[in-house]
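This chain uses plain numbering: 1 for the first residue, then up along the sequence.
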Amino acid sequence: RPDVPDVPVTLTGNGRVTALQTVDLRSQVTSTVREVHIREGQDVARGDLLFSLDARADEANIRKAEAQVAKDRADLANAQRNLERQRELFRTKFISHAPLDQAQNQVDTLNGQLAVDQAALEWARVARGYAEIRAPFAGRTGAIWVRAGSLVQPGGASNTTPPLVTVTQIDPISVSF
C-alpha cells in the first residue's frame, strides 16, 4: 500500500566471514628484491606487479640465447645453399651421391641444433618471468616481509621463512551462520 512506509529489516546473529581464496606468495628463484610495488593492506587486481627481482643474469641469458639462435639460422641458411649447389652438381653428374648426403646431413644437423637453441631461448624467457611476482587474483595484501635489497629463496608452505606477502580475496566473501 502506498501509505505504509518502508521498514528496514535487520538480522542479528553470530557468523563467520571467510575469504574464498588466500595465497602466500613466495619466490621461485634465489634472487634479490629489486623493488616492492605495493603497500601493506593495498587492494590489487589480478596480474598486478607486486615485486620485481634482480633479473640481470636472466636478461643476459636471453641475449646469449637470441645470439645463438641467430647464428644457427645463418649457419642453416648457408648449409641449405650448399645443399642446393650439391644437388645441382649431382644432377649434372659432377659429384657422387656421398657429398650430397653429407650436405643433407649438415642441414638436418643444423635444423636440430636450431630447435635445441630455440628451446633454450624459450627457457631463458621463462626464467626471466620468475623475476616478476604478480597477483594471482584480485584481493588485498597482508604484511610485506621483504624490502628492496632482501635476498629471497624458493620455498614451499612448510618453509620456515615467511612468504613475501599474503594476498586475500575480499570480493566476494563467504558468510556462514
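The nearest pair of heavy atoms linking Gln68 to Asp117 is CG-OD2, 3.1 Å. Heavy atoms only, all atoms of each residue included: Ser31 and Asp54 are closest at OG-O, 3.2 Å. Among all heavy-atom pairs drawn from Pro136 and Arg46, the shortest one is O-NH1, 2.9 Å. The two atoms that bring Ser27 and Ile133 nearest to each other are CA-CD1, 4.2 Å, heavy atoms only. Residues Ala103 and Gln86 share a closest heavy-atom pair of CB-CG, 3.7 Å. Of all heavy-atom pairs spanning Ala45 and Ala135, the tightest one is O-CB, 3.4 Å.
Put simply, the side chain of Phe51 reaches to within 4.5 Å of the side chain of Val165, judged on heavy atoms. With a 4.5 Å cut-off on side-chain heavy atoms, Trp123 and Asn61 do not count as touching. Considering only heavy atoms from C-beta on, Arg63 comes within 4.5 Å of Glu59 through its side chain. At least one side-chain heavy atom of Gln118 sits under 4.5 Å from a side-chain heavy atom of Arg73. Between Val152 and Thr32, the closest side-chain pair of non-hydrogen atoms is not below 4.5 Å. Proximity of Pro163 to Val23: side-chain heavy atoms (C-beta onward) are nowhere separated by under 4.5 Å. At least one side-chain heavy atom of Leu49 sits less than 4.5 Å from a side-chain heavy atom of Arg134.
Open room surrounds CZ on Arg56; 12 or fewer heavy atoms of other groups in view lie less than 6.0 Å from it.
Hydrophobic clustering of Ile, Leu, Val, Met, Phe, Trp and Tyr side chains at less than 4.5 Å, counting indirect connections, unites Leu25 with Val29.
Grouping Ile, Leu, Val, Met, Phe, Trp and Tyr by side-chain contacts under 4.5 Å, direct or through others, puts Val69 with Ile62, Leu76, Leu83, Leu89, Phe90, Phe94, Ile95, Leu100, Val107, Leu110, Leu114, Leu121.
Atoms CG and CD, from Leu20 and Gln169 in turn, are 5.0 Å apart once rounded to the nearest 0.5 Å. Asp171 contributes atom CG, which lies 12.5 Å from atom CZ of Phe137 (distance to the nearest 0.5 angstrom).
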* To do: Begin from the C-alpha positions of Leu50 and Leu164 and carry the test side chain to side chain contact (heavy atoms under 4.5 Å, CB included) through to its verdict.
  => CA-CA 10 Å; Leu50 308 179; Leu164 305 177; over 6 Å; no
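For the pair Arg125 and Glu66, the salt-bridge criterion is met [side-chain N within less than 4.0 Å of a carboxylate O].
Among residues two or more places apart in sequence or in another chain, the side-chain contact (heavy atoms from CB on, under 4.5 Å) test is passed with Arg91 by Arg87, Glu88. For the side-chain contact (heavy atoms from CB on, under 4.5 Å) test, residues two or more places apart in sequence or in another chain that qualify with Gln42 are Ile38, Arg39, Val44, Thr141. In terms of the salt bridge (Lys or Arg N to Asp or Glu O under 4.0 Å) criterion, residue partners of Asp43 (sequence neighbours excluded) are, by chain and number, Arg140. In this structure, the salt bridge (Lys or Arg N to Asp or Glu O under 4.0 Å) partners of Lys71, at least two apart in sequence or on a different chain, are Asp75. Residues satisfying the salt bridge (Lys or Arg N to Asp or Glu O under 4.0 Å) criterion with Glu35, sequence neighbours excluded, are absent altogether.
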